[in-house]
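Have a look at the structure below, then the notes.
If you're wondering where the values come from, they're calculated on a predicted model, not measured in any experiment. Numbering of residues begins at 1 and proceeds along the displayed sequence. Numbering of ligands and ligand atoms starts at 1, following listing order. Atom set for the values below is all heavy atoms of this structure, side chains included, hydrogens, waters and symmetry mates excluded.
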Amino acid sequence: MPAQPPYRRVLLKASGEALMGEQGFGIDVSVVDRIASDIAEARSLGVEVGVVIGGGNIFRGVAVASKGGDRVTGDHMGMLATVINSLALRTSLIKIGVDAVVLSAIAMPELCESFSQRQATQYMDAGKVVIFAGGTGNPFFTTDSAAALRAAEIGADALFKGTQVDGVYTADPKKDPTATRYEHLSHLEVLQKGLAIMDTAAIALARENNIPIIVYSIHEKGGFGDILKGEGRCTIVADA
Ligand SMILES: Nc1ncnc2c1ncn2[C@@H]1O[C@H](COP(=O)(O)OP(=O)(O)OP(=O)(O)O)[C@@H](O)[C@H]1O
Ligand SMILES: O=c1ccn([C@@H]2O[C@H](COP(=O)(O)O)[C@@H](O)[C@H]2O)c(=O)[nH]1
C-alpha cells in the first residue's frame, strides 16, 4: 500500500512549450497523453488535481509586441492558445477514463464551461480533474500567475510547476552550465535573487497565500507521482 501523499489537493502548472515535443510548434499528442497518464497516477494516489497549461507551444503575446504589434491582441491570442491545449489535455484524460472538465476564463460556451470558483471547487470535490483554460482572462499576465491565482482560489496545498528543467537553479541552467540546483528555498529568496523560474507576480501571490511551489521536470515520465510520493527530483519553494 503506497504512503498517502502529504497533499490533498494540488494545482499543476504544465508547460505549454513541453507539449510540442520535438516538433518545434503545436501539439505532439503522445506528449499530452503522457502528461495525462501522470495526472491519472496522481488521481490514483487520492490527490485532487487542478491544471493550468501554458500556451508557449503555440503563441505568446510578447512575440507580437516585440515585432511592433499590439500586445493586448497578442495576449488574447496567447490565452486562446491555452484553451486549445486545455481541450487537448481533456481529450487525453477522458480517453484513459479520467473524468475531466475545462473551465475557461474567457467565455466560449460551445467549447467548454466558463470559470467560476464555486463550480471549480464543486467539480474538484467530486473528484474531477479541472483544467483551467484562458489564463487569468486578462492581458499582461502569464499562465504562471493564472496557476498561482487558481491554486489560491481552489485552496490547493501546493502548486506544482512542471517545466523544462528539474528545479530552480542559481541561474538559468539553459544559459549557464555552471548553475547549480537548489533543494529548498523560500518564496522571498526567489524574489530577492531574481530567479526567473516563474514571474514575480506568481511567486508573490503564492507567498501571500502560503502556497508551496514545487518545480520539477514535466519531461520525466511519472515525475509528478514520484514527487507526490516524496521520491522525485525537484526544488521546493516554501517559507519555513
Ligand atoms: N533560476 C532558474 N532556474 C531554473 N530555470 C530557470 C531559471 N531562470 C530561468 N529559467 C528558465 O525558465 C524556464 C521556465 O520558464 P517558463 O515558465 O517560461 O517555461 P514553461 O514552463 O515551458 O512555460 P510555458 O507554459 O510558458 O511554456 C526554464 O526552462 C529555464 O530555462
Ligand atoms: O493570464 C494570462 C495568461 C496568458 N496570457 C497570454 O498567453 C500566453 C501564453 O501563456 P504562457 O504563460 O506564456 O505560456 C502568454 O504569453 C500571454 O500572451 C495572458 O495574456 N494572460
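Using a 4.0 Å cut-off between charged side-chain N and carboxylate O, Asp226 and Arg233 make no salt bridge. Between Glu183 and Arg181, at least one side-chain nitrogen of the basic residue sits less than 4.0 Å from a carboxylate oxygen of the acidic one, meeting the salt-bridge criterion.
Of all atoms in ligand 2, listed by their number and element, those nearer than 4.0 Å to a heavy atom of Gly54 are 14 (O). Atom numbering of ligand 2 starts at 1 in the shown order; those under 4.0 Å from a heavy atom of Thr136 are 1 (O), 2 (C). Close approach of ligand 2 to Pro139 is summarised as follows: ligand atoms under 4.0 Å from at least one heavy atom of the residue are 20 (O).
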- [ ] Given side-chain contact (heavy atoms from CB on, under 4.5 Å), test Leu12 with Val52 step by step and report yes or no.
- [x] CA-CA 6 Å; Leu12 170 63; Val52 168; over 6 Å; no

Task: Evaluation steps, side-chain contact (heavy atoms from CB on, under 4.5 Å), between Leu195 and Tyr182 - done: CA-CA 11 Å; Leu195 302 171; Tyr182 294 98; 3.7 Å; yes

- [ ] Assess whether side-chain contact (heavy atoms from CB on, under 4.5 Å) is satisfied between Phe160 and Leu228, documenting all intermediate values.
- [x] CA-CA 10 Å; Phe160 279 67; Leu228 289 169; 3.7 Å; yes

Open item on the list: Could you walk me through whether Asn138 and Phe140 satisfy the side-chain contact (heavy atoms from CB on, under 4.5 Å) test, starting with their C-alpha distance in whole Å, then the side-chain angles of each, then the deciding distance to 0.1 Å, before giving a yes or no?
Closed with: CA-CA 7 Å; Asn138 298 294; Phe140 302 105; over 6 Å; no

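For atom 14 (O) of ligand 2, the closest non-hydrogen atom of the protein is Gly55 N, 2.8 Å. Asp75 O, 3.5 Å is the protein heavy atom nearest to atom 6 (C) of ligand 2. Nearest protein neighbour of atom 13 (O) of ligand 2, counting heavy atoms only, is Arg60 NH1, 2.8 Å. Closest to atom 19 (C) of ligand 2 among all protein heavy atoms lies Phe141 O, 3.1 Å. Of the protein's heavy atoms, Asn138 O, 2.7 Å lies nearest to atom 21 (N) of ligand 2. In terms of protein heavy-atom proximity, atom 11 (P) of ligand 2 is closest to Thr143 OG1, 3.4 Å. Here the heavy atom of the protein found nearest to atom 8 (C) of ligand 2 is Gly78 CA, 3.6 Å. Ranking protein heavy atoms by distance to atom 3 (C) of ligand 2, first place goes to Thr142 C, 3.4 Å.
At least one side-chain heavy atom of Arg9 sits less than 4.5 Å from a side-chain heavy atom of Thr121.
Residues Tyr123 and Glu113 bring a donor and an acceptor atom of their side chains to less than 3.5 Å of each other. Looking at Asp144 and Thr142, their side chains never bring a donor and an acceptor atom within 3.5 Å of each other.
A single hydrophobic cluster is seen to contain both Leu19 and Leu87, as judged by linkage of ILVMFWY side chains at heavy-atom distances under 4.5 Å, directly or through other members. Both Val102 and Val83 sit in one connected hydrophobic cluster of ILVMFWY residues. Membership requires side-chain heavy atoms under 4.5 Å apart, directly or through other members.
Not one N or O of Phe59 is nearer than 3.5 Å to an N or O of ligand 2, by distance alone. Between Val62 and ligand 2, a contact under 3.5 Å exists for no N or O pair.
With values rounded to the nearest 0.5 angstrom, Met198 atom CE is found 8.5 Å from Thr143 atom OG1.
At a heavy-atom cutoff of 4.0 Å, ligand 1 is surrounded by Lys13, Ser15, Gly16, Glu17, Gly54, Gly56, Arg60, Asp144, Lys161, Thr163, Gln164, Val165, Gly167, Val168, Tyr169, Ala171, Asp172, Pro173, Lys174, Leu195, Ala196, Ile197.
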Extract all donor-acceptor atom pairs below 3.5 Å that involve side chains of residues 203-225 and protein atoms in other chains or at least two apart in sequence.
{"residue": "Asn209", "atom": "ND2", "partner": "Leu205", "partner atom": "O", "Å": "2.9"}
{"residue": "Ser217", "atom": "OG", "partner": "His219", "partner atom": "N", "Å": "3.2"}
{"residue": "His219", "atom": "NE2", "partner": "Gln164", "partner atom": "OE1", "Å": "2.9"}

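Residue contacts with ligand 2: Gly56 is included, with a non-hydrogen atom under 4.0 Å away.
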